[in-house]
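Here is the structure we will look at.
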Amino acid sequence: MFPKSALAAASLAALTRAAQPGAAAPVAAPLRDLEWGQINFLHTTDTHGWHGGHLQEPQYSADWGDYVSFAEHMKKKADDQGVDLLLIDTGDRIEGNGLYDASDPKGKYTYDIFSEQSIDVICTGNHELYQADAVTREHDITVPNFKDSYLASNLDYIEPETGNQIPQAKRYRKFKTKNQGLNIVALGFLFNFDRNANNSVVIPVEETIKEQWFLDAIREKPDLFVVTGHVGLRMKEFEQIYKVIRDQNWYTPIVFFGGHAHVRDTRKFDDNAFAIASGRYFETIGWMSIDGVTKKGDDEFSAQASASFKRRYIDNNLFGLQYHTGLNETTFPTEHGRNVTKMIADGRKALNLDKTFGCAPQDLWMSRAEYPSNSSIFTWLEELVMPDIVVNKERADVPRLAITNTGMIRFDIFKGAFTIDSTYIVSPFVSMLNYIPNVPYNVAKKVMPLLNNGGQLFAGNMDPALDAKYLVSPEQWSLATQPQLENLETESPVHFMDTADGQKPLGDGDSSERPGLIGGYTTKDDLGDNGDDTVHSPLKFYAVPNCIQTEIDFPIKGDPDKVDLVFVDYVQPWVIMALKFSGGDYSTDDVKVWSNETVTDMIAGWIWENWKVDC
Ligand SMILES: *[C@@H]1O[C@H](CO)[C@@H](O)[C@H](O)[C@H]1NC(C)=O
Ligand SMILES: *[C@@H]1O[C@H](CO)[C@@H](O)[C@H](O)[C@H]1NC(C)=O
Ligand SMILES: *[C@@H]1O[C@H](CO)[C@@H](O)[C@H](O)[C@H]1NC(C)=O
Ligand SMILES: *[C@@H]1O[C@H](CO)[C@@H](O)[C@H](O)[C@H]1NC(C)=O
Ligand SMILES: *[C@@H]1O[C@H](CO)[C@@H](O)[C@H](O)[C@H]1NC(C)=O
């Protein structure tokens, strides 16, 4: 829908400022309404510590406290209509924002802030499992915070005291909805992740679906299955789970909530089974509503009618959140929501996240600029940063080839203040540089082409852990798995004509009611192209390579005989493998530490030195 009322609302000039102090004010934009059903869901995923919202981006500037207010109002709306509303989160709540990463221990503020929202089904992402201390915090803090709502269908924890392997949380949950008493069976999965810390055990999905508890769960005959998972919708794991549940339950509606791929997407498995993914970094609150869910009662064949599924991807800003609740700046924030907004502001202040240590002269994009180009963050790294930071006095006389994977960078840099927060946003990882000395250049020079175009070598068949997809950002990787994104690099026109639901072209009617469109998501999924709540003008996205490389202190003429091959420690297994295929028989024994500083700190140091300008 693209109702007149929304356009009218959009023309209101005065917009509210709440969110975090200093956050960009939301901008008016035409909105599509949320369509309510019998059972409705709000979904977050891959928030990665962005619970303070995007302070530099008006479109995503609401914070977790605003989401608490939003959910409170939406629950009231559900109660008033006698329908149900459930909240879901599918993991990767940590790593990627100063609010989590800048504290010692990490997450000192975020665990408490996050748990202020009451969530009905919550599960674990791979990021909660990279570091052993994060696994422990998840077990000791988040699982008890969410009690019965926390599900770990294929994840175990190793108790430090006993060494016992125990389920990280409950395997599944059976419950009745508040207003209609619908029976739900909920599950909480993680894809077959294998780079987890050794105090956690991820059980492959194909094994889990043969376990007795799972076979019992799918025979519970609920009115609706709710399968949550930190799983990309187009990955094989959801497909496997769908098949076994459907084989056992021919008519029961199944709804999947996924994540990991950092995209907005909806996938249809069959008329009665849909999956939604709700983006990344708390830019998006996913909305899924289902009608036609029948209560089974005694007659198990009463549920043969088809359910209907509707979805929206809500841009996380106050303009939209207030619009969807029919409230304004005075009536929208609840006491609880305000309290949470304050908790975030206090945490950000304690961590000094707004402290500026440089002024970015221009926007630098991960995928919104072509690579290589002046606006590409990777070109900036390759040409300006790497030559300055890949220095080591003892090796100063040896030419270097320095390699880093593009997945090490997680977000764009915006023109203007570069803060402590920005540092963790751009690269939250603790990777350092390693090197192999004196590699013959004719061997070393073949490594990067193999990392970028190694074909079968890094396709994941020979060694799943060396799948090239782990070298890039989740967004880049999902471009390959999400069919609607195939025509990448070709700008697709925005279609405002949508005869199916009577949507009007923006060019019609009174132009005074028509705000300019803001660039943003223009999602195409299995339900069509009207999923985004905000009508955006499309952004162009470009593919980037798996890895980038810089030649440092090379001779002016001709090739060097030997080079030091310097690389981010994360890519070491790929580099060793690529060297073998290039005729260099090296192993981890040949690897030396290049420097003891994290790459993130080195980049921050470069910015301190080079962008010293006052904004
Ligand atoms: C995990 O690895 C660490 C460091 O290698 C080791 O000290 C610890 O005992 C291991 N823990 C388990 C549960 O295997
Ligand atoms: C917000 O809504 C309330 C209740 O409808 C109304 O009394 C108040 O004037 C509105 N405030 C603004 C700023 O529009
Ligand atoms: C909000 O914070 C105040 C002050 O700390 C406290 O008294 C109140 O109970 C809180 N309200 C909610 C709903 O959390
Ligand atoms: C872009 O890069 C080229 C080559 O590195 C340089 O000559 C040019 O001045 C740059 N342009 C801008 C706008 O930075
Ligand atoms: C890194 O730190 C270790 C231990 O503190 C030290 O032995 C080593 O020399 C350092 N390496 C470099 C390259 O600074």
Side-chain angles (χ1 to χ4, degrees), residues 5-6 8-21 25-28 31 51 62-77 79-80 87 105 109-119 124 126 128-140 145-146 152 155-168 193-203 317-350 430 432 465 569-570 572-573 588 591 593:
S5 61
S11 68
L12 285 174
L15 284 170
T16 182
R17 303 291 300 267
Q20 287 301 294
V27 178
L31 293 172
H51 306 110
D63 67 24
W64 197 250
D66 299 315
Y67 183 40
V68 167
S69 298
F70 182 61
E72 216 172 305
H73 296 301
M74 295 296 275
K75 278 182 186 162
K76 169 84 172 41
K77 268 178 181 275
D79 291 348
D80 291 348
L87 268 67
Y109 301 95
T110 44
Y111 292 104
D112 287 347
I113 290 163
F114 192 87
S115 68
E116 290 292 321
Q117 182 68 284
S118 57
I119 296 177
T124 312
N126 52 307
E128 277 87 11
L129 304 181
Y130 280 109
Q131 310 293 333
D133 59 334
V135 175
T136 301
R137 286 194 296 272
E138 201 61 16
H139 186 82
D140 292 348
N145 278 348
F146 288 94
L155 176 64
D156 285 350
Y157 178 62
I158 310 286
E159 281 188 313
E161 309 81 22
T162 61
N164 288 342
Q165 181 173 338
I166 58 168
Q168 170 74 313
F193 177 56
D194 56 9
R195 302 190 144 226
N196 51 307
N198 68 357
N199 58 345
S200 62
V201 178
V202 180
I203 303 147
N317 65 71
L318 282 168
F319 177 74
L321 299 185
Q322 290 171 5
Y323 172 74
H324 292 307
T325 47
L327 297 167
N328 64 29
E329 63 182 277
T330 343
T331 50
F332 178 80
T334 64
E335 184 188 329
H336 189 193
R338 278 184 209 274
N339 281 1
V340 177
T341 292
K342 178 154 190 313
M343 284 171 79
I344 298 165
D346 291 349
R348 288 186 54 84
K349 198 153 172 244
V430 290
M432 305 205 189
D569 55 13
Y570 179 86
Q572 183 167 309
T588 47
V591 175
V593 173

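Read the numbers this way: they start at 1 and go in the same order the structure lists the ligands and their atoms. Each residue takes its place number in the sequence, starting with 1.
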Taking the ring centre of each residue, are Y67 and F114 less than 6.0 Å apart?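 Ring centres of F114 and Y67 not closer than 6.0 Å.
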Is the NZ or CZ atom of R195 positioned over Y570's six-membered ring, under 6.0 angstrom from the centre and within 45° of the axis?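 Relative to the ring axis of Y570, which defines the angle, R195 lies inside both limits.
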Using a strict 4.0 Å threshold on nitrogen-to-oxygen distance, state whether K75 and D79 make a salt bridge.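 A salt bridge is absent here (no side-chain N lies under 4.0 Å from a carboxylate O).
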Atoms of ligand 3 less than 4.0 Å from N339 heavy atoms?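 Answer for ligand 3: 1 (C), 2 (O), 3 (C), 8 (C), 10 (C), 11 (N), 12 (C), 14 (O).
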Do side-chain atoms of H73 reach the backbone of F332 as a donor and acceptor pair under 3.5 angstrom?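 Pair found, side chain donor or acceptor close to backbone of F332.
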Any protein heavy atom < 4.0 Å from atom 2 (O) of ligand 3: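 There is a protein heavy atom less than 4.0 Å from atom 2 (O) of ligand 3.
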Does atom 14 (O) of ligand 2 have any protein heavy atom closer than 4.0 Å?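 Yes, at least one protein heavy atom sits under 4.0 Å from atom 14 (O) of ligand 2.
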Could you check [atom] against the protein and tell me its nearest heavy-atom contact, residue, atom and distance included?
| atom | answer |
| --- | --- |
| atom 10 (C) of ligand 2 | N328 ND2, 2.4 Å |
| atom 5 (O) of ligand 1 | N198 ND2, 4.6 Å |
| atom 4 (C) of ligand 2 | T331 CG2, 4.1 Å |

Heavy-atom proximity to atom 11 (N) of ligand 3, best of E335, R338, H336, M343: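 It is E335 whose heavy atom sits nearest to atom 11 (N) of ligand 3.
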Looking at every non-hydrogen atom in both residues, tell me the closest pair between N199 and A132 and how far apart they are.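 Reported closest heavy-atom pair: ND2-O, 3.0 Å.
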Will you find, in the side chains of D66 and S69, an N or O donor that is under 3.5 Å from an N or O acceptor?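 There is no such pair (donor and acceptor under 3.5 Å, judged by atom type) between the side chains of D66 and S69.
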